[in-house]
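First comes the structure, then the notes that go with it.
To find a chain, count down the sequence lines: A is the first, B the second, and so on, and within it residues start at 1.
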Amino acid sequence: MDALHIANSLTRQKERFEPLNPPFVGMYVCGPTVYSNVHLGNVRTFLTFDIVYRYLQHLGFKVRYVRNITDVGHLTGDTDDGEDKIGKKARLENLEPMEVVQQYTNDFHDVMNVFNILRPSIEPTATGHIVEQIEAIRQIVNNGYAYEVNGSVYFSVRTFSEDHPYGELSGRKIDELLNSTRELDGQSEKRDPLDFALWKAADASHLMQWPSPWGMGFPGWHLECSVMSTKYLGETFDIHGGGMDLKFPHHECEIAQNVACNGESQPVKYWMHGNMLTVNGRKMAKSEGNGFTPEELITGNHKLLEQGYSPMTVRFFMLMGHYASTLDFSNEALQAAEKGLAKLEKAVETLATLEPSTGETAYDVQAFAAKCSAAMNDDFNTPILIATLFDGVKAVNGAAAGRVSLSAEDIASLQGTFQAFLRDVLGLASEVSQTQSEGAGEEAGALLDLLVDMRTDAKTNKDWGMADKIRDVLAAQGITIQDGKDGSSWSRG
RNA sequence: GGUCCGAUGGCCGAGUGGCUAGGCUCAGCUCUGCAAAAGCUGCUACAGCGGUUCGAAUCCGCUUCGGACCUCCA
């Protein structure tokens, strides 16, 4: 495809991407709830939108990327007793709520850094926007779509649906929803089981609460995203993303709140939903107890892991599947990714040292770059992009072996394409250069060059014992020697 | 129970009507002092049954299996 197309969850169609106000793009992604460590499933969602962010920038768009931090907890799952998640955690650990928030926010940021996931332009917090949320509730009440009961305010889905469509995004119908609604405790306040809370009254035991026109309380689950996206991106904006599991009710309610608040018929032009990471076919989730923390993954310290995997291996593994498909997590798949990425990185190193050549078997570097763009233009199809990059690997290795001829311009073009798509768009940083830059990289490199020279001399003298000794000692240090046609070289890993 | 989605070779995973996905694994070969790396070749799959079509992994129906969501369980 020669222009970016996005699979829009709202219309269920692949649509050409045309921003509302080019070259500017507004993108909002539902961020983490910071009441515990993020697991790998969370990471996948943020990685998905990291790719979107990176590619939009690659295309030259000026992107304002907003990703919130949910630091007002929601109701606890275990008990349904109305206790704030973050409040509960705080009591358990005997910490101030904001201390818990800070701890897990820091953890979240660390994890994002490890996986080379870029920071958003704005990272607003729910607690930092209580005033705006109260104002939005007043607006919705004034517009007649919400009512107050005992200090809580509920959104009236029925009333809203008489004036506006409800359920478009998730494909749900009001009557069907009614039939399948479960009876939950403490919901008798609501006039209708379909209604959801905009503001919840809090009793004295609730640790996080704020004054409002309806008394002390805290905002409802869905409200913060509506309010913060509107504040920073406007009443209508381009892209809204999040995990598939947020589609209903969270995103549906968000739309309803936005429409009820400011009357725009459709706040978001393109809705995108990332699919789940599964373990043995089941969604990775905190409640399932099948989640990996990034630390467990990197160290391999987990009963389901055979070894540790580097962050870039994990990133590469996730990008080998399309974001809209479920991706199953397994040791075999991770190991395959590890080797595949190593092959790719090796070719990039080879490319850096390639000498120009002339010959008949040329490689079409323009077509290669075009294929990379086409893959990403087709709804961010990273698996196709990776497959295409391996096509480039073949050309590079072929040139190194003297079978494919590449001019100086070809080599420069290939380097540019790898830089753009492997590094900038896929965000796969070179882990080798990271470790080398940490210590005395240059000195070590000089020593290694010397050892390789010594081994070459030994080989010339047919002193195989010495040659193998050097190779084995270096191998024990994680340095691999490669013998090629034009001599030997070394690499880490 | 309702709504929606999926089922691809040894493994992971693209692909929506005819054209090689790709990675990993395994086997053989080339290169090499040996090995590694690299290259070449092979293992050529689309859950089952029916239908539409000149032609289906790709469209339609049914069956089986699996998954997600169903209003505060992200």
Side-chain angles (χ1 to χ4, degrees), chain A residues 12 30-33 35 41-42 45 70 73-80 82 85 154-155 157 167 170-173 175-182 184 186-187 190 192-197 200 220-222 242-253 256 275-276 278 281-283 285-287 316-317 320-322 324-344 346-347 350 375 378 381-391 393-394 396-398 400-401 403 459 462-464 467-468 471-472 475 480-485 488-489 491:
Chain A
R12 293 167 186 76
C30 294
T33 301
Y35 68 94
N42 304 116
T45 299
T70 297
H74 304 308
L75 302 184
T76 54
D78 303 336
T79 54
D80 259 2
K85 255 179 194 165
Y154 295 97
F155 188 97
V157 172
S170 55
R172 281 161 215 266
K173 301 193 168 41
D175 294 335
E176 289 170 357
L177 284 170
L178 246 190
N179 293 335
S180 60
T181 298
R182 292 171 301 164
L184 294 169
Q187 296 214 18
K190 296 200 278 190
D192 191 307
L194 296 178
D195 296 348
F196 57 90
K200 289 283 279 184
W221 178 34
H222 314 297
M244 203 78 101
D245 50 353
L246 296 180
K247 203 171 185 180
F248 189 87
H250 182 59
H251 290 156
E252 202 67 76
C253 294
N275 216 322
M276 300 293 106
T278 60
R282 293 196 172 268
K283 172 184 170 182
K286 289 190 182 87
S287 54
F316 185 69
F317 157 71
M320 290 211 305
H322 191 254
S325 301
T326 55
L327 178 66
D328 200 57
F329 184 95
S330 70
N331 281 290
E332 274 186 311
L334 262 298
Q335 283 162 6
E338 187 173 58
K339 292 186 177 167
L341 179 60
K343 185 176 177 178
L344 204 45
K346 191 152 286 177
T350 304
D378 187 10
N381 199 326
T382 54
I384 296 287
L385 172 57
I386 289 170
T388 305
L389 289 176
F390 275 105
D391 192 51
V393 168
K394 229 170 197 180
V396 169
N397 289 333
R403 274 189 308 278
K459 280 173 67 181
K462 297 200 189 298
D463 183 356
W464 308 128
D468 289 351
R471 186 172 66 192
D472 293 345
T480 310
I481 290 207
Q482 286 111 19
D483 293 337
K485 269 193 162 172
S488 304
S489 60
S491 66

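Taking atom P in both B/A14 and B/U41, the straight-line distance is 26 Å, to the nearest Å. The same atom, P, is picked in B/G67 and in B/C12; the two are 16 Å apart, to the nearest Å. Spacing between B/A47 and B/G66 at atom C1', rounded to whole Å, works out to 11 Å. Spacing between B/A56 and B/G61 at atom C1', rounded to whole Å, works out to 15 Å. When the P atom is used for both B/G50 and B/A57, the distance is 14 Å, rounded to whole Å. Comparing the P positions of B/A38 and B/C11 gives an interatomic distance of 24 Å, to the nearest angstrom.
The only member of A/Asp245, A/Thr326, A/Asn275 that meets side chain to side chain contact (heavy atoms under 4.5 Å, CB included) when paired with A/Lys283 is A/Asp245.
For RNA chain B, if you chain together Watson-Crick or G-U pairs that step i with j, i+1 with j-1 and so on, the runs of at least three with distances under 3.5 Å are B:1-7 with B:64-70, B:10-12 with B:22-24, B:26-30 with B:38-42, B:47-51 with B:59-63.
Between A/Phe196 and A/Ala337, it is A/Ala337 whose nearest contact on RNA chain B lies nearer the 5' terminus. For the pair A/Lys459 and A/Gly321, both in contact range of RNA chain B, the more 5′-proximal nearest nucleotide belongs to A/Gly321.
Below the 3.5 angstrom threshold, one finds no donor paired with an acceptor across the side chain of A/Arg471 and the base of B/A36. The base of B/G33 lies close enough to the side chain of A/Asp468 for a donor and an acceptor atom to sit less than 3.5 Å apart.
A/Asn381 places no side-chain N or O within 3.5 Å of a backbone atom of A/Ala375 that could act as its donor or acceptor partner. Between the side chain of A/Thr382 and the backbone N or O of A/Met320, no donor-acceptor pair lies under 3.5 Å.
As judged by a 4.0 angstrom heavy-atom cut-off over every strand, A/Lys394 is placed among residues touching the sugar-phosphate backbone only. Here A/His322 lies in heavy-atom contact (under 4.0 Å) with sugar-phosphate atoms only. The residue A/Ala387 sits close to a base: some heavy atom pair falls under 4.0 Å. Backbone-only contact: A/Met320 has heavy atoms under 4.0 Å from sugar-phosphate atoms and none from a base. Using a 4.0 Å heavy-atom distance criterion, A/Leu327 is classed as a sugar-phosphate-only contact.
Residue A/Lys343 places its side chain closer to B/A38 than to any other of B/A68, B/A38, B/G15. The A/Asn381 side chain lies nearest to B/A14 when the options are B/A14, B/A21, B/A38. Distance from the side chain of A/Glu332 is smallest for B/C11 among the nucleotides B/A21, B/G67, B/C11. Of the candidate nucleotides B/C24, B/G13, B/U71, B/G13 has the atom nearest to the side chain of A/Asp328. The A/Lys346 side chain lies nearest to B/A37 when the options are B/G39, B/A37, B/U71. The side chain of A/Arg172 approaches B/C69 more closely than any other nucleotide in the set B/A21, B/C69, B/G67.
In this structure, the side chains of A/Trp221 and A/Thr70 stay at 4.5 Å or more apart for every pair of heavy atoms. Residues A/Arg172 and A/Pro249 are not in side-chain contact: their nearest non-hydrogen atoms beyond the backbone lie 4.5 Å or more apart.
Ring geometry for A/Phe196 versus A/Phe155: interplanar angle under 30°, hence parallel rather than tilted (30 to 60°).
For B/G6, the OP1/OP2 oxygens have no side-chain nitrogen or oxygen of A/Ser325 closer than 4.0 Å. The side chain of A/Lys283 contributes an N or O atom lying less than 4.0 Å from OP1 or OP2 of B/C69.
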Please lay out, stage by stage, how A/Leu344 and A/Leu389 fare under the test side chain to side chain contact (heavy atoms under 4.5 Å, CB included). CA-CA 8 Å; A/Leu344 204 45; A/Leu389 289 176; 4.1 Å; yes
Before giving the answer on side chain to side chain contact (heavy atoms under 4.5 Å, CB included), spell out for A/Asp192 and A/Tyr154 the whole-Å C-alpha distance, their side-chain angles and the decisive distance to 0.1 Å. CA-CA 10 Å; A/Asp192 191 307; A/Tyr154 295 97; over 6 Å; no
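Stacking between A/Phe390 and B/G22 is absent: the aromatic ring centre is not both under 5.5 angstrom from the base six-membered ring centre and within 30 degrees in plane angle.
Between A/Asn331 atom CG and B/G10 atom P there is a gap of 21 Å when expressed in whole angstrom units. Atom CH2 of A/Trp464 and atom P of B/G33 are 6 Å apart (whole Å).
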